[in-house]
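The next block holds one structure in the form of structure tokens; read it before the comments.
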Amino acid sequence: MEKEPVKNPPRLKLFPIMLALLSILFFRGLMQDAKTDSLSYSTYKAHLKNGNIESVTLIGDRIRGVFKRPIDGKKEFETVAVAPEVSKELDASGVKYQSLGDTSGLTNFLAFLLPTFLLIGFWYFMLRRGLKNMGNSGGFMSIGKSKAKIYVETDTKTTFKDVAGADEALEELREIIDFLKNAEKVKSLGGKMPKGILLVGAPGTGKTLIAKAMAGEAGVPFFSANGSEFVEMFVGVGAARVRDLFNEAKKSSPCVIFIDELDAMGKARQSNSYGGGNDEKEQTLNQLLVEMDGFDTQGGIIIIAATNRPEMIDPALLRAGRFDRQVVVDRPDRTGRRDILSIHARKTKIDPGVELDELAALTPGFSGADLANLVNEAALIATRNNAPSITMDHFTLALERAIAGLEKKNRLINPKEREVVAFHEMGHALVGYSLSKDEKIHKVSIIPHGIGSMGYTIQRPTEDRYIMTQKELENKMAVLMGGRASEMLIFRELSTGASDDLAKATNIAREMIMRYGMSMELGFVAYEEAPSAFLGPKAIMPRNSFAEETAKKIDETVRELVMQAYKTAYEFLQDNQEVLNQAAHELLDRETLNESDLMKFFNQLDGSEKFNPTSHKPLYEGGSAPLNSIHLLKVPLY
């Protein structure tokens, strides 16, 4: 919760008062003009001669008076006197005459002044409003003030008990907390704590949550700001806000400064920009570098930053003496996912029959944010069904929505397409059960979900995997090709249904050759750059980075791997075609089959134990290659 700003004493706002007074005078003059008849001086003298004037008032050269009898409904009149000499000459000639008088009267003055005041007031209001949006508290002088929110221990109410699945990161931060609480102990040994800690991890892994928990544990002021809040349209504003943030932090020492999305203000500077880049961003970065060099950790100020794009951070920020430590906040493993689900279970009404360990096994690769969304979706489904608590069925439906997308109840597909989809998905399921012993088939469905997905197969890994062998990768490709093989075996024709499977299988085969060196002919050479750990895979290196002959061999080897995977799946389904027919027709009747429904077909598979998918000559013998955990969670038809 943000601290309430100190209230300034009430000030007299002159502009609204002046505007009100001028408006009163202006409208009063209009009302006066409506009741008063403006006469020429000659007409006035005629009324005076006829005795129709009751009384007059002289104001300078002006004459105001009252008629005895109203003229044209007006009882009052006003005129401007003419010099006597001129008046006598004009009377003698019989000419009507009048005088305009002095144009510096109050009414004329107001007629000129009021529009001017209105125009100035309009621009003053617009400028003040714009500056208020840019500044923290409004006004031009506050535009360079930091927008950081200040928290204290009672505000955050978040501790390390609310964080799970990031034990290594928490251990690193506990050391910082001990320093903030017992700074003298470290000083007595002559040691210095790191000035900055950079939390690096994929989106949703809990970097911001960890920083808030650290503030709650340390019990010191916590300045929280976003990297994008420093840069504005005016040059120099970002640097001014950085200076103001550190000045405020020094006043509240010991404290913690947390900058989220550091890459927004700390992006690497380009050496070839030559003035064409954004100088404002570079000035903000330079000021941050100066401030981090200008204070001592003995003062009790610790800077924590978070980013999911560490490769974009300027190297000057990452050197020793600034962000000394980089703490990786990775996606949680199975134990971490179970602990995260346990934290969310304390805040929701979950049925006692729900096994969190089983639910954790169903969610490989899920981040903390994904798990929080899963629990919330399950709660919404339970509420929609008027259930007293959240059951495992609700979690299964929420998981399907997260993986396959929203169910398309109104999408109608013809019987021929439904049959193709059923055989396609059962091809995945049967080959997957036979080859992927470490992954169980959790569910098969032909109900349309998401955008263009006509069916899906969900596999549940029995454990988290971080290294995969060549044989396991070839098995995974065979599972992906099971849908295409089933279609060819039953219908003897190709369809567009396997487009996504072909792309995934080809990608695995290309990575085997270009990243993991699984080819004796091409050698143990990497032809592709390692992908970023947080931004997803990079594009393959340009073809001109290696010879055309090498590129041709890579394409031939990839094609051979994919076709061998197709052959493996086709031969297995051909040997078990009767089981495939039975399972596909039951899937057509019921639309969805769970693990227990599928086991009666899996138990009929012929030779599932003796089936050898690597009967062809291997690309190389033995060894293994590291690979990010890739699980077949979704195999859409289109």
field: Distance (rounded to the nearest 0.5 Å) between Glu472 CD and Ile508 CD1
entry: 12.0 Å
For Val200 against Pro310, the heavy-atom pair lying closest together: CG1-CG, 3.5 Å
query: Charged N to carboxylate O under 4.0 angstrom, Arg334 versus Asp357?
result: yes
message: Between Asp351 and His394, do the side chains contain a donor N or O and an acceptor N or O under 3.5 Å apart?
response: no
field: Basic-acidic side-chain contact under 4.0 Å: Arg590, Asp597
entry: yes
statement: Val329 and Ala166 have their tightest heavy-atom pair at CG1-CB, 4.3 Å
message: Testing the basics here: between Ser252 and Pro221, what is the closest heavy-atom pair and its distance to 0.1 Å?
response: O-CG, 3.9 Å
task: Report the distance from atom CD of Gln326 to atom CG of Leu199, rounding to the nearest 0.5 Å.
output: 10.5 Å
task: Assess whether side-chain hydrogen bond (donor to acceptor under 3.5 Å, both in side chains) is satisfied between Asp263 and Thr307, documenting all intermediate values.
output: CA-CA 6 Å; Asp263 51 275; Thr307 182; 2.8 Å; yes
- prompt: Once the angle between the rings of Phe258 and Phe222 is folded into 0 to 90°, is it parallel (under 30°), tilted (30 to 60°) or perpendicular (over 60°)?
  reply: parallel
query: Step by step, would you call Leu245 with Glu291 a side chain to side chain contact (heavy atoms under 4.5 Å, CB included)?
result: CA-CA 10 Å; Leu245 173 61; Glu291 293 293 342; over 6 Å; no
- prompt: Please walk me through it: do Leu371 and Val375 pass side chain to side chain contact (heavy atoms under 4.5 Å, CB included)?
  reply: CA-CA 6 Å; Leu371 294 172; Val375 175; 5.6 Å; no
message: Looking at every heavy atom in both Ala249 and Ile257, which two are closest together, and how far apart are they?
response: CB-CD1, 3.6 Å
message: Are Leu262 and Leu317 packed together at the side-chain level, in the sense that at least one heavy-atom pair is separated by less than 4.5 angstrom?
response: yes
message: Testing Asn576, Leu605, Val479 one by one against Leu430 for a side chain to side chain contact (heavy atoms under 4.5 Å, CB included), which residue passes?
response: Leu605
query: For Ile381 and Arg384, what are the C-alpha separation, side-chain angles and deciding distance, and is it a side chain to side chain contact (heavy atoms under 4.5 Å, CB included)?
result: CA-CA 5 Å; Ile381 294 173; Arg384 195 179 304 126; 3.8 Å; yes
- prompt: If you look at every heavy atom in Ala169 and Ile210, which pair is closest and at what distance?
  reply: CB-CD1, 4.2 Å
Worked check of side-chain hydrogen bond (donor to acceptor under 3.5 Å, both in side chains) between Asp370 and Ser367: CA-CA 5 Å; Asp370 295 331; Ser367 65; 3.0 Å; yes
Side-chain heavy atoms of Phe395 within contact of Glu355, under 4.5 Å: no
- prompt: Has the side chain of Thr348 got a donor or acceptor atom that lies under 3.5 Å from a matching backbone atom of Ile350?
  reply: no
- request: Indicate yes or no for a side-chain donor-acceptor contact from Arg322 to the backbone of Gly196 under 3.5 Å, with no hydrogens or angles considered.
  value: no
- prompt: Ser486 side chain to Gly482 main-chain N or O, any donor-acceptor pair under 3.5 Å?
  reply: no
Ala382 to Ile390 - nearest heavy-atom pair and separation: CB-CG1, 4.1 Å
query: Taking Asn603 for the side chain and Met599 for the main chain, is one N or O donor matched with an acceptor at less than 3.5 Å?
result: yes
- request: Decide side-chain hydrogen bond (donor to acceptor under 3.5 Å, both in side chains) for Gln470 and Glu474; before the verdict, give the C-alpha distance in whole Å, the side-chain angles of both, and the deciding distance to 0.1 Å.
  value: CA-CA 6 Å; Gln470 177 196 357; Glu474 291 175 344; 3.0 Å; yes
- prompt: Taking C-beta and beyond as the side chain, do Phe423 and Asn581 meet within less than 4.5 Å on heavy atoms?
  reply: yes
Approximate separation, where rounding is to 0.5 Å, of His428 NE2 and Arg484 CZ: 10.5 Å
task: Calculate, to the nearest 0.5 Å, the distance between atoms CG and CD belonging to Asp167 and Glu172 respectively.
output: 12.5 Å
query: Under 4.5 Å between any side-chain heavy atoms of Ile340 and His344, yes or no?
result: yes
message: Quick check against the 3.5 Å criterion: does Lys207 have a side-chain atom that pairs as donor or acceptor with the backbone of Gly201?
response: yes
- request: With the side chain counted from C-beta on, respond yes when Phe366 and Leu399 share a heavy-atom pair under 4.5 Å apart, and no when they do not.
  value: yes
task: May I ask you to test the Leu598-Met426 pair for a side-chain heavy-atom distance under 4.5 Å?
output: yes
message: Measuring from atom OG1 of Thr205 to atom CZ of Arg331, what distance do you get when rounded to the nearest 0.5 angstrom?
response: 7.5 Å
query: Going by heavy atoms in the side chains, are Glu171 and Glu168 under 4.5 Å from each other?
result: no
- request: Would you mind reporting whether Met265 and Arg241 have side-chain heavy atoms less than 4.5 Å apart?
  value: no
task: State the CG-CD1 distance between Leu198 and Ile304, to the nearest 0.5 angstrom.
output: 10.5 Å
- prompt: Ignoring hydrogens and geometry, is there a side-chain-to-backbone donor-acceptor pair from Thr363 to Ala360 under 3.5 Å?
  reply: yes
field: Working for side chain to side chain contact (heavy atoms under 4.5 Å, CB included), residues His424 and Ile446
entry: CA-CA 10 Å; His424 182 102; Ile446 58 172; over 6 Å; no
